[in-house]
A.B. asks: 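Before anything else, here's the structure in question.
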Amino acid sequence: MIDINLIRENPDLVRENIKKKFQDKKLPLVDEVIALDSEKRALQREGDERRAKRNSLSKSIGALMKEGKKAEAEEVKLEVKENNDRIAVIEARAAEIDVQLKKDMMSIPNIIAADVPVGKDDSENVQWNTYLEAAEKPFEVPYHVDILERLGGIDLDSARRTSGNGFYYLTGDVARLHSAVLTYARDFMIDKGFTYVIPPFMIRSDVVSGVMSFEEMDGMMYKIEGEDLYLIGTSEHSMIGRFMNTVIDESRLPITLTSYSPCFRKEKGAHGIEERGIYRIHQFEKQEMIVVCRPEESDYWYEKMWSYTVELFVSMGIPVRTLVCCSGDLADLKYRSLDVEAWSPRQKKYFEVGSCSNLTDAQARRLGIRFKNSKTGKNEFAHTLNNTVVAPPRMLIAFLENHLQEDGSVFIPEVLRKYMGGKEKIIPVK
RNA sequence: GCAGAGAUGGCGGAGUGGUCGAACGCGCACGACUCGAAAUCGUGUUACGUGGGAACACGUACGGAGGUUCGAAUCCUCUUCUCUGCGCCA
């Protein structure tokens, strides 16, 4: 959500930004907002005047009653009543405008960074850099489910019976590896100075509607029957909800947090949920990082955050590349975003394992996340950022494929061994 | 889960239908006093919106939503949370 003042003062900039994102169908919203906004202000002026009149007349009624002038008081009452009828009309119209204005403002995208490459969709994202050599294996790398099954690490058949498609049982050393990756990632972020948080895994509807649009909610969120609660799709939901409608003491900034949570997603209409495997699933676990900071610091934290993810993957020996999201691929709240992709020796291409975003003040404005600026004494919107540290089991696909040996065993890199009871490899059971 | 009590500014805490954005205290800022500081005294100190160059004016907000009333922090309904007691439970 951008500042409405920007639309009042510089509508061309906002239009230009919409065009860069190939959302031309949203261009009329700018004029609609300008019209609604001026109507709203006119209504507010009249409403304020009439309310001021009501207040003073009501006070005079009190005075008249004290003096015992009942008849005169009744006359004034009639006058107030008439005034109130008009106020009711004004307020009803103002409420209508507010709803429409909010809807429009929510769909007008955040102003994107000047250096974001212009492009229609994810096919026009731009590779930024690669880390570690994306080597091909001297043998054929099987589909990840086949690797997992040979290690005795997955049971999809039972999961389909108990829970349906899109769920899994991980077992034995593979399950342990899954936990080891998360624990290692947690400690990695703690070493970077982030504070570890375990948030609520369910949130109320008012938080949900704060962090996403109705369409996103419908496509992603599982609702608990008979309760005003939803399972979180990412810990970002409960982590950022924590700061909703608060004024943060400036001395607490920047707030740098790393959170763990299971994530639940319907993946309604998404490609791949029908695919056999653990690439796109209804339940996974994720270590996340979020930062709430002063506006002038968000560029700095953005660079830090994605580089931590890269560093983590490299430390586990997994080749990755960074990909700058082009204008058309950026979600509406984002100022800029960078995907981290891991190398798949089987498919001989990279696939997404994480995404780092700077939302500037767009999310904070929508959720009322502010801090008191000690220099100006004013409350200002903070900047918010989020990034994936690591999200298994998807990440395990890259792990297994890259560390698979010709004999079918899977190599465990040094950094994970202390979380695996010292094991150096996982050995196939068949 | 049941019963009772409660939710007011950065904090504590008055206020039970009219001049209450809110007593009083703490904190904070500025000023006076002082060589400087403490103490003391004085002044100021909620947020958001609209109008205005500004001083300022007006409006809205006393957990949240709705209602009664000419007028609501105050009365009514629903709801969320907190505390106390009982119950239940990893």
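Quick note on labels: first sequence line is chain A, next is B, and so on, each numbered from 1. Side chains included, hydrogens not; waters and symmetry mates left out as well; all remaining heavy atoms used.
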A.B. asks: In this structure, how many angstroms lie between the C1' atom of B:U50 and the CZ atom of A:Arg50, rounded?
C.D. replies: 17 Å
A.B. asks: Okay, side chain of A:His237, backbone of A:Met212: is any donor-acceptor separation there less than 3.5 Å?
C.D. replies: no
A.B. asks: When you compare B:G25 with B:G66, how far apart are their C1' atoms, in angstrom units rounded to a whole number?
C.D. replies: 36 Å
A.B. asks: How many whole angstroms separate atom CZ of A:Phe371 from atom P of B:A47?
C.D. replies: 15 Å
A.B. asks: Verify the contact: side-chain N or O of A:Arg8 to OP1 or OP2 of B:U50, cut-off strictly under 4.0 Å; return yes or no.
C.D. replies: yes
A.B. asks: Side chain of A:Arg51, heavy atoms from C-beta onward: which of B:G51, B:U60, B:G49 has the nearest atom to it?
C.D. replies: B:U60
A.B. asks: Would the number of heavy atoms belonging to other residues, nucleotides or ligands and lying under 6.0 Å from NZ of A:Lys26 be above 12?
C.D. replies: yes
A.B. asks: Mapping A:Ser56 and A:Ser60 to their closest nucleotides on RNA chain B, which lands nearer the 5' end?
C.D. replies: A:Ser60
A.B. asks: Could you tell me how far B:U74 sits from B:A7 if I compare only their C1' atoms? Round to whole Å.
C.D. replies: 14 Å
A.B. asks: In whole Å, measure the gap between the P atoms of B:U68 and B:C76 for me.
C.D. replies: 15 Å
A.B. asks: Determine the Euclidean distance between corresponding P atoms of B:C24 and B:G49; express it in Å to zero decimal places.
C.D. replies: 29 Å
A.B. asks: So does A:Leu330 get a backbone contact from the side chain of A:Ser337, meaning a donor-acceptor N/O pair under 3.5 Å?
C.D. replies: no
A.B. asks: Taking atom CD of A:Glu296 as the centre, does the number of heavy atoms from other residues, nucleotides or ligands within less than 6.0 Å exceed 12?
C.D. replies: yes
A.B. asks: Is the closest side-chain donor-acceptor distance between A:Thr388 and A:Lys286 under 3.5 Å?
C.D. replies: no
A.B. asks: Taking only residues two or more places apart in sequence, or in another chain, which ones meet A:Asp206 in a salt bridge (charged side-chain N to carboxylate O under 4.0 Å, His left out)?
C.D. replies: none
A.B. asks: Could I get a table of every N or O pair under 3.5 Å where one atom is in the protein and the other is in nucleotides 7-13 of chain B?
C.D. replies:
none

A.B. asks: Roughly how many Å is it from CZ in A:Arg365 to P in B:C48, rounded to a whole number?
C.D. replies: 13 Å
A.B. asks: Rounded to the nearest angstrom, tell me the gap between atom CG in A:Asp48 and atom P in B:C58.
C.D. replies: 11 Å
A.B. asks: Considering only atom C1', compute the distance from B:U16 to B:C62 and round it to an integer number of Å.
C.D. replies: 14 Å
A.B. asks: Once side chain to side chain donor-acceptor pair (under 3.5 Å) is applied, do any residues pair with A:Glu46, and if so which ones, sequence neighbours excluded?
C.D. replies: A:Arg50, A:Arg86
A.B. asks: Could you measure between the two P atoms, the one in B:U8 and the one in B:G87, and give it in whole Å?
C.D. replies: 31 Å
A.B. asks: Tell me whether the OP1 or OP2 atom of B:C58 has a side-chain N or O from A:Arg45 closer than 4.0 Å.
C.D. replies: no
A.B. asks: What protein N or O atoms touch nucleotides 66-71 of chain B N or O atoms at under 3.5 angstrom, if any, and at what distances?
C.D. replies:
unit_1 : atom_1 : unit_2  : atom_2 : d
B:C70  : O3'    : A:Asn84 : ND2    : 3.3
B:C70  : O2'    : A:Ser58 : OG     : 3.2
B:G71  : OP1    : A:Asn84 : ND2    : 3.2
B:G71  : O4'    : A:Ser58 : OG     : 3.2

A.B. asks: Between B:C48 atom C1' and A:Phe381 atom CZ, what is the distance in whole Å?
C.D. replies: 10 Å
A.B. asks: Backbone N or O of A:Gly210 within a donor-acceptor pair of the A:Arg366 side chain at under 3.5 Å?
C.D. replies: yes
A.B. asks: Select base, sugar-phosphate, or nothing to describe what A:Asn83 touches, counting heavy atoms under 4.0 Å on all strands.
C.D. replies: nothing
A.B. asks: For B:C20 versus B:U60, give the span between their P atoms, rounded off to a whole number of Å.
C.D. replies: 16 Å
A.B. asks: Specify the separation, in whole Å, of atom CG of A:Asn5 and atom C1' of B:G49.
C.D. replies: 11 Å
A.B. asks: For A:Gln283, does its backbone N or O pair with a side-chain atom of A:Tyr168 as donor and acceptor, under 3.5 Å?
C.D. replies: yes
A.B. asks: Any base atoms under 4.0 Å from A:Arg370, or only sugar-phosphate, or nothing? Heavy atoms, all strands.
C.D. replies: sugar-phosphate
A.B. asks: Figure out the CG/P separation between A:Leu101 and B:U50, and round it to whole Å.
C.D. replies: 11 Å
A.B. asks: Treating A:Arg370 as the side-chain partner and A:Phe381 as the backbone partner, does any N or O pair qualify as donor plus acceptor under 3.5 Å?
C.D. replies: no
A.B. asks: Given the P atoms of B:A65 and B:G9, what is the spacing between them in whole Å?
C.D. replies: 15 Å
A.B. asks: Check RNA chain B for consecutive Watson-Crick or G-U pairs with both distances under 3.5 Å and list the runs of at least three as stems.
C.D. replies: B:1-7 with B:80-86, B:10-12 with B:24-26, B:27-32 with B:40-45, B:46-51 with B:56-61, B:63-67 with B:75-79
A.B. asks: How close or far is atom P of B:C48 from atom CG of A:Asn245, stated in whole angstroms?
C.D. replies: 13 Å
A.B. asks: For A:Arg242, give me all partners under side chain to side chain contact (heavy atoms under 4.5 Å, CB included), at least two apart in sequence or on another chain.
C.D. replies: A:Val197, A:Leu257
A.B. asks: Report yes or no: do A:Ser315 and A:Tyr184 form a side-chain donor-acceptor pair below 3.5 Å?
C.D. replies: yes
A.B. asks: Taking the cut-offs as 6.0 angstrom to the six-membered ring centre and 45 degrees off its axis, would you call A:Lys304 and A:Tyr308 a cation-pi pair?
C.D. replies: no
